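Every value quoted in this text rests on a predicted model; they were computed, and no experiment measured them. In the text below, chain A, chain B and the rest are named by the order of the sequence lines, each starting its count at 1.
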2 protein chains.
Amino acid sequence: MDTKVGKRGGYHHGDLRQAMIDAAEAVLAEKGVGGFTLRECARRAGVSPAAPAHHFGNLVGLLTAIATLGFDDLSQTMEAAIAKAEASGGDRLAAICEGYLAVALTRPGRFRVVFGRLGLKSGDDDLRRAAVRAFGILVRETKLALGREVDADVLMRLPSSYGDDADLAEILFVWSITHGFSTMLIDGQLAPLEMQPGGRERLIALYSGRLMEMLLAAVRASTPKPLANPASHG
Amino acid sequence: MDTKVGKRGGYHHGDLRQAMIDAAEAVLAEKGVGGFTLRECARRAGVSPAAPAHHFGNLVGLLTAIATLGFDDLSQTMEAAIAKAEASGGDRLAAICEGYLAVALTRPGRFRVVFGRLGLKSGDDDLRRAAVRAFGILVRETKLALGREVDADVLMRLPSSYGDDADLAEILFVWSITHGFSTMLIDGQLAPLEMQPGGRERLIALYSGRLMEMLLAAVRASTPKPLANPASHG
DNA sequence: CCATTAAACTTGACGCCGTTAAGATAACGC
DNA sequence: GCGTTATCTTAACGGCGTCAAGTTTAATGG
């Protein structure tokens with residue numbers, strides 16, 4: 001067990017890849033994406049600046065690994081929120097929207113790596129799988145909220161296949177609100193509204209309350225649903 | 001007229017401030033916010049790397065000037081969209097939302113400077129004025145869509161004064177959708193949906209069509225409006 | 001009109017960044 | 001035990017933002 005894990009103290013680190021990821025998460029939490037540098041992460045991991053290249057290629061590779069974790073976190077948090085909503089009689093769609101915001105608020109630095117303009121390795125398989133999974137949850141829940149039957153492989157389908165989806169408008173509607181509010185909150189656009197004490201909490205309450213009400217009402221009211229799949233059940 | 005404007009050819013530039021802003025816009029348009037550097041802008045303006053310090057203080061100062069332009073652009077585009085909607089019988093609120101997206105799509109680099117996590121001079125008066133104005137337009141139009149009477153000074157009120165606004169939920173709802181969709185589109189989150197030919201145009205059409213329908217319906221349906229101002233007219 | 005003052009800009013340097021090439025070291029397969 | 005291979009270090013490169021000091025021009029005021 002000590003052959004691959006744990007710092008050996010000497011020339012070889014043992015598990016530099018994980019150590020770099022941990023350091024990166026710490027730096028992102030402390031200084032945000034602005035103060036994030038590869039050298040700083042290497043410093044915290046106790047290695048030279050050139051060491052990470054062997055594991056991640058370059059800075060983009062490290063950011064891609066972080067982004068993959070971010071998508072996984074998103075998926076897990078949303079699924080957990082669904083489970084909790086299911087148990088407590090809450091709404092599933094609202095639950096994932098609140099989970100989305102919670103992820104952004106808990107780890108804003110990493111959230112910006114996931115969704116920011118920083119270039120990621122576009123061809124990375126792990127990253128794409130994680131992104132597809134998270135997106136699939138959003139699609140599935142939106143469709144369920146619309147009363148659609150959902151086949152099991154929604155979570156695996158590539159986003160490009162949703163181009164003609166009849167529910168794409170509703171999906172984008174839900175995602176836009178969720179992503180927009182989360183982004184504005186962590187990027188400080190709503191900072192003036194947070195001035196008074198408890199300002200942020202009140203904004204979050206407004207989001208979980210009135211905004212979710214409006215969102216759910218809009219999705220439910222939108223149910224003309226042309227039912228683009230004529231061979232549904234007969 | 002040639003005492004202050006135009007390049008004098010010699011040691012003094014003449015209007016370096018404007019030249020730097022122009023160069024910055026060009027760099028943002030060409031390379032985006034990732035490839036944006038102060039030295040590159042100075043190079044294009046034909047001056048040394050240290051020259052801009054006199055006009056902008058530092059990089060943040062330049063970005064702040066760019067962001068101010070971005071807010072002004074936003075305000076002008078939204079007002080113009082309202083005028084056009086008013087003339088053609090379109091909806092005013094939908095018009096400003098589409099104008100918002102148009103600004104993001106036309107100058108994505110600058111848009112990211114305005115709304116990105118890059119630090120701006122938080123105390124800058126011009127920046128705050130421009131931001132308050134743009135936000136005021138959004139507030140005013142949302143309130144109008146809700147059937148509220150709007151006093152003339154909405155455009156001047158500081159955002160912090162909206163903390164107790166009865167329509168804050170609707171305002172944030174509208175803004176979240178608009179900002180969320182715009183951000184996701186220019187940051188590539190919807191790239192997989194743009195794969196097929198004309199993909200982006202179809203997404204924009206979906207936004208201007210179904211999403212705006214849903215948004216307007218949601219705002220109109222939300223009109224419980226508790227009318228938090230009891231001393232309104234008697 | 002000219003001397004003085006202030007503003008604008010350059011030069012040169014500093015420390016930091018990401019990345020690379022070449023060399024040192026340790027783990028692993030045989 | 002030994003060669004191979006993966007891992008890490010050292011040293012260096014160019015580019016970055018920023019600052020201090022010096023140089024050049026414009027503005028000012030008598």
Query raised in the report: Within this structure, what is the CG-to-C1' distance between A:Asp15 and D:dA6, rounded to whole angstrom?
Result: 14 Å
Query raised in the report: Across the strands shown, which category fits A:Thr37 at heavy-atom distances under 4.0 angstrom: base, sugar-phosphate, nothing?
Result: sugar-phosphate
**Report entry** Options C:dC9, D:dT10, C:dG18, nucleotide nearest the side-chain atoms of A:Ala50
**Finding:** D:dT10
Query raised in the report: For A:Arg17, which contact category applies under a 4.0 Å heavy-atom criterion: base, sugar-phosphate, or nothing?
Result: nothing
Query - Listed nucleotide nearest any side-chain atom of B:His55, set C:dA8, D:dT7, C:dG18 - result: C:dA8
Report summary line: Sequence neighbours excluded, the answer for salt bridge (Lys or Arg N to Asp or Glu O under 4.0 Å) partners of A:Arg112 is A:Asp187
Requested in this report: Kindly point out which of C:dC9, D:dT9, C:dC17 is positioned nearest to the side chain of A:Arg43?
Outcome: C:dC17
**Report entry** Polar side chain donor-acceptor pair, B:Asp22 to B:Gln18, under 3.5 angstrom
**Finding:** yes
Query raised in the report: CG of B:Leu62 versus C1' of D:dG17: gap in Å, rounded?
Result: 12 Å
Report summary line: Rounded to whole Å, the CZ-P distance (A:Phe56 to D:dC8) equals 11 Å
Query - Whole-Å gap separating P (C:dA8) and CE (B:Met20) - result: 14 Å
Query raised in the report: Quick one: which of C:dT10, D:dT18, D:dC8 gets closest to the side chain of B:Leu59?
Result: D:dT18
**Report entry** Given C:dT19, C:dA13, D:dT9, the nucleotide with the shortest approach to the side chain of A:Ser48
**Finding:** D:dT9
Query raised in the report: Is the gap between the ring centers of A:Phe115 and A:Phe71 under 6.0 Å?
Result: yes
Report task. When you get a sec, tell me which of C:dT11, C:dA7, D:dT7 is the closest nucleotide to the side chain of B:His54? Result -> C:dA7
Report task. Consider the side chain of B:Leu38, meaning its heavy atoms from C-beta on, and name the nucleotide among C:dC9, D:dT18, D:dT10 that approaches it most closely. Result -> D:dT18
Report summary line: Rounded to whole Å, CZ of A:Arg39 lies from C1' of C:dT19 at a distance of 9 Å
Report task. Would you indicate which nucleotide in C:dT20, D:dC8, C:dC17 comes nearest to any side-chain atom of A:Ala53? Result -> C:dT20
Report task. Please check if the distance between the ring centroids of B:Trp175 and B:Phe135 is under 6.0 Å. Result -> yes
Query raised in the report: Whole Å only: how far is the CG atom of B:Asn58 from the P atom of D:dG17?
Result: 11 Å
Query raised in the report: Out of B:Asp167, B:Val139, B:Leu172, which one pairs with B:Tyr162 under the side-chain contact (heavy atoms from CB on, under 4.5 Å) rule?
Result: B:Val139
**Report entry** Whole angstrom value for the distance that separates C1' of C:dA7 from CG of B:Leu16
**Finding:** 13 Å
